[in-house]
Amino acid sequence: MALYAAYASNMDPDQMASRAPHSPMRGTGWLAGWRLTFGGQDKGWDGALATVVEDDSEQVFVVYYDVPAWDEKELDAWEGAALGVYRKIRVRVQTLDGDVLCWMYVLDDYEGGLPSARYLGILADAAEKAGAPDDYVKDLRTRPCKSLGDQP
């Protein structure tokens with residue numbers, strides 16, 4: 001099995017159980033030197049999509065899961081990896097028990113744009129369910145976003 005690091009809606013253990021039922025949660029940690037951001041607003045969704053970019057002064061909360069190959073294929077389909085929306089990279093996650101090597105999805109598009117308020121709420125709820133620190137969840141809930149009525 002390979003470890004997968006989730007930083008967006010897949011942080012929610014219930015969502016992951018429905019998308020990848022053979023992939024147990026193993027823990028939480030931080031991507032040091034990375035920043036949560038958004039991009040791909042022009043893809044036709046109701047706002048920009050979550051991604052991470054390297055940034056030495058930031059860190060991103062993640063949940064990591066043991067993912068067998070058959071669940072990885074299902075996740076690839078959910079995340080649009082076969083369509084080129086997201087691509088996979090390998091990263092080092094800092095945990096209380098030491099660093100672990102994981103793979104994760106990053107948006108294959110330019111950074112920029114605002115997520116919808118709905119999507120940002122889903123991310124904040126997922127982080128809260130996964131046990132992210134209160135200040136991290138609060139930061140997600142107060143990030144700039146657009147309402148459904150906003151034009152691109």
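Start at 1 with the first residue, then count along the sequence. Bear in mind that the values here come from a model prediction, so they are computed numbers and not experimental data.
Using a 4.5 Å cut-off on side-chain heavy atoms (C-beta onward), V62 and V91 make no contact. M16 has its side chain within reach of L75: a pair of non-hydrogen atoms, C-beta onward, lies under 4.5 Å apart. At least one side-chain heavy atom of L3 sits less than 4.5 Å from a side-chain heavy atom of R26. Side-chain contact between D76 and K88 is present, with heavy atoms from C-beta onward closer than 4.5 Å.
Of the inter-residue distances, the one linking K129 atom NZ with D12 atom CG reads 4.0 Å to the nearest 0.5 angstrom. Taking CH2 from W34 and CD from E58, the interatomic distance works out to 13.5 Å, rounded to the nearest 0.5 Å. The distance from atom OH of Y7 to atom CZ of F61, rounded to the nearest 0.5 Å, is 15.0 Å. Atom OG1 in T51 sits 10.0 Å away from atom CZ in R35 (nearest 0.5 Å). To the nearest 0.5 Å, the span separating CG on D71 from CG on D66 amounts to 10.5 Å. To the nearest 0.5 Å, the span separating CG on L114 from CZ on R143 amounts to 9.5 Å.
Counted within 6.0 Å of CG on D56, heavy atoms from surrounding residues, nucleotides or ligands total 12 or fewer; the atom is thus considered open.
Under a hydrophobic clustering in which Ile, Leu, Val, Met, Phe, Trp and Tyr are joined whenever their side-chain heavy atoms come within less than 4.5 Å, directly or via other members, Y86 and L83 fall into the same cluster. In the hydrophobic clustering of this structure, L120 groups with M11; members are Ile, Leu, Val, Met, Phe, Trp, Tyr whose side-chain heavy atoms approach within less than 4.5 Å, directly or through other members. V63 is connected to I89 through a chain of hydrophobic side-chain contacts under 4.5 Å among Ile, Leu, Val, Met, Phe, Trp and Tyr, so both are in one cluster. Hydrophobic cluster membership differs between W78 and V67, with clusters built from Ile, Leu, Val, Met, Phe, Trp and Tyr side chains linked at under 4.5 angstrom. Using a 4.5 Å cut-off between side-chain heavy atoms of Ile, Leu, Val, Met, Phe, Trp and Tyr, with links allowed through other members, V137 and V60 fall into different hydrophobic clusters.
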Candidate pair R87 and D109, rule salt bridge (charged side-chain N to carboxylate O under 4.0 Å, His left out), full reasoning: CA-CA 10 Å; R87 59 186 168 82; D109 206 325; over 6 Å; no
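With Y65 contributing its side chain and A6 its backbone, the two residues share no donor-acceptor pair below 3.5 Å.
Between the side chains of N10 and Y4, at least one donor N or O sits under 3.5 Å from an acceptor N or O.
The list of side chain to side chain donor-acceptor pair (under 3.5 Å) pairs with a residue in residues 89-104, not counting sequence neighbours, is empty.
Salt bridge present: R19 and E79 bring a charged side-chain N and a carboxylate O closer than 4.0 Å.
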